Engineer: 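Right, I'll just put the structure down here and ask away after.
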Amino acid sequence: MTQQHTATTAVRQGIETDLQHRAVVPPIYLSSNYSFADPQTPGAFDYSRSANPTREQLAIALAEMESGHSGVITASGMAAVHLAVSVLSAEELLLVPHDCYGGSLRLFQHLARKGQFRLQVVDMTDTEALTQALAASPGLIWLETPSNPLLRIVDIAAICQQAKQQGCRVAVDNTFLTPVLQQPLLLGADMVIHSTTKYINGHSDVIGGAVIAKTPELSEELLWNANTLGLSGGALDAYLTLRGLRTLSLRMSQHQHNASLIVAALQAHPAVSHIYYPGLVQHPGHGIAQRQQRGFGGMISFELQGGAASTGRFVAALKLFSLAESLGGVESLVAVPASMTHRAMTPEQRRCAGISDGLIRLSVGIEHSDDLLADIQQALTAVTQGDDAS
Ligand code: PLP
């Protein structure tokens, strides 16, 4: 049989596996512990920090969707990031992009200061800088593509090929696209990381994460580390996340559809000075995105003429985009990364990463496109009217 589509795996995982009552949907196991047949004979599960049947269902689904060996479900995306870098030892070098999620960068810097590994920050879209950094034989390269919030794209397959020549492992944060739109393990990566808080759960009601490994050896190391460090996620969160995952494919289609229409509206408006969206031919990563992704996703960043002052007016005028951090839920959100999602970075780090104070990031939801477009138009009108009045 040919490999199942990710949409089918998401819907079918665990269905009709309950032998006790023949429940169609797999039941939730909240129990923290499981009885032993005798002191020497545990069952398949003994203690839920190590393994839990509900968490396992979600892990199997995500591992299959990412074409990995197996997955570890964690209590948050940050726990997943922490788990992924826990494979490094003190003398090893971690190479990270200068514009990765601010919380990830904060953790990397904190752990490096504590001596858990050595750290080098590099602009991964700069091929020469990357080649130079790779010459130092890092233990792990961290990729985030598209990056948060500027949606920069790097070539996963090309970087993995270079990394392999240096014996270096590659981890990809796939939060923005999910396995529906991008499968880094098939492009040569060793680990995929998700904040499942975002698109995978998709309903903005769970904090969670996952690390999916390509090989049995790496899977075993990650499971051991997750259990030892206590990073595993809760059963109720896993249950809700698996329920969200069932509709991921449909949701991603609608997120993308709405995002492409909003991008067209932004392009046509004179108040908009710059749009960051990999679906645009003028985006520097457009060609790579076309090759390695199955769509351009539902995230858009842009800047307005007049900078931060215009941003304030635009954000205040929006009615259907909630001013909130996070992304990937069914509801549309707007964020100003400099003062919200990326405030953990210093102003110098933000400047280096190209994140201006007025940058606006939209997480386009799955509401009807007519309503979202009308809201964007009226908020842009509010910006231009404000300009006229000043
Ligand atoms: N990775 C990316 C790309 C993110 O955007 C985030 C959070 O915004 C995280 C990781 C961390 O995830 P969490 O907030 O679930 O801990």
Side-chain angles (χ1 to χ4, degrees), residues 55 58 62 66 71-86 94 96-111 124 140-154 156 171-179 181-182 184 189 191-212 226 229-234 237-238 240-241 244-245 255 276 278 293 297-301 322-329 333-345 350 353 355 359 361-364:
R55 212 166 59 222
L58 176 61
L62 288 177
E66 289 285 10
V72 182
I73 305 302
T74 57
S76 67
M78 286 317 303
V81 174
H82 197 167
L83 178 60
V85 297
S86 73
L94 171 66
V96 303
H98 71 314
D99 61 345
C100 64
Y101 168 59
S104 302
L105 189 62
R106 177 176 54 189
L107 177 67
F108 299 147
Q109 286 172 330
H110 169 75
L111 293 175
M124 298 218 177
L140 183 69
I141 305 188
W142 192 267
L143 304 182
E144 193 183 297
T145 178
S147 67
N148 180 5
L150 288 175
L151 305 169
R152 288 201 182 100
I153 306 288
V154 293
I156 299 174
V172 180
D173 186 328
N174 202 22
T175 298
F176 268 40
L177 291 180
T178 82
L181 299 182
Q182 178 170 272
M191 272 186 275
V192 164
I193 290 86
H194 283 285
S195 165
T196 56
T197 312
K198 311 298 187 318
Y199 287 106
I200 290 203
N201 176 56
H203 294 75
S204 306
D205 51 8
V206 174
I207 297 286
V211 185
I212 297 110
L229 295 168
L231 299 174
S232 333
D237 289 347
L240 288 171
T241 304
L245 186 73
H255 283 299
Y276 303 86
Q293 303 176 192
M299 299 298 298
I300 307 166
S301 290
S322 303
L323 179 62
E325 296 189 344
S326 199
L327 58 105
L333 301 177
V334 60
V336 180
S339 59
M340 296 172 69
T341 49
H342 288 64
R343 67 175 179 270
M345 291 167 93
R350 283 197 297 272
I355 303 167
L359 183 77
R361 189 191 77 181
L362 298 180
S363 169
V364 180

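Because only heavy atoms are used, hydrogens play no part in the values below, and waters and symmetry mates are left out as well, while side chains stay in. Indexing begins at 1, ligand by ligand and atom by atom, following the structure's order. Just so it is clear, the structure is predicted and the values come from calculations on it, not from any experiment.
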Engineer: Might you point out which heavy atoms bring Ala353 and Met345 nearest each other, and give the distance in Å?
Structural biologist: CB-CE, 4.1 Å
Engineer: List the atom of Pro184, the atom of Asn174, and the distance in Å for their closest heavy-atom pair.
Structural biologist: CD-ND2, 3.4 Å
Engineer: Side chains of Met299 and Pro146: does their closest heavy-atom pair fall under 4.5 Å?
Structural biologist: no
Engineer: List in chain and number order the residues that pass salt bridge (Lys or Arg N to Asp or Glu O under 4.0 Å) with Arg343, two or more places apart in sequence or in another chain; answer none if no residue qualifies.
Structural biologist: Glu325
Engineer: Please identify each residue that fulfils salt bridge (Lys or Arg N to Asp or Glu O under 4.0 Å) with Asp237, with sequence neighbours left out.
Structural biologist: none
Engineer: In order of chain and number, which residues sit within 4.0 Å of ligand 1 by heavy atom?
Structural biologist: Ser76, Gly77, Met78, Tyr101, Glu144, Asn148, Asp173, Thr175, Ser195, Thr197, Lys198, Gly208
Engineer: By the side chain to side chain donor-acceptor pair (under 3.5 Å) test, which pairs, at least two apart or in different chains, include something from residues 199-209?
Structural biologist: Asn201-Asp205, Ser204-Glu331
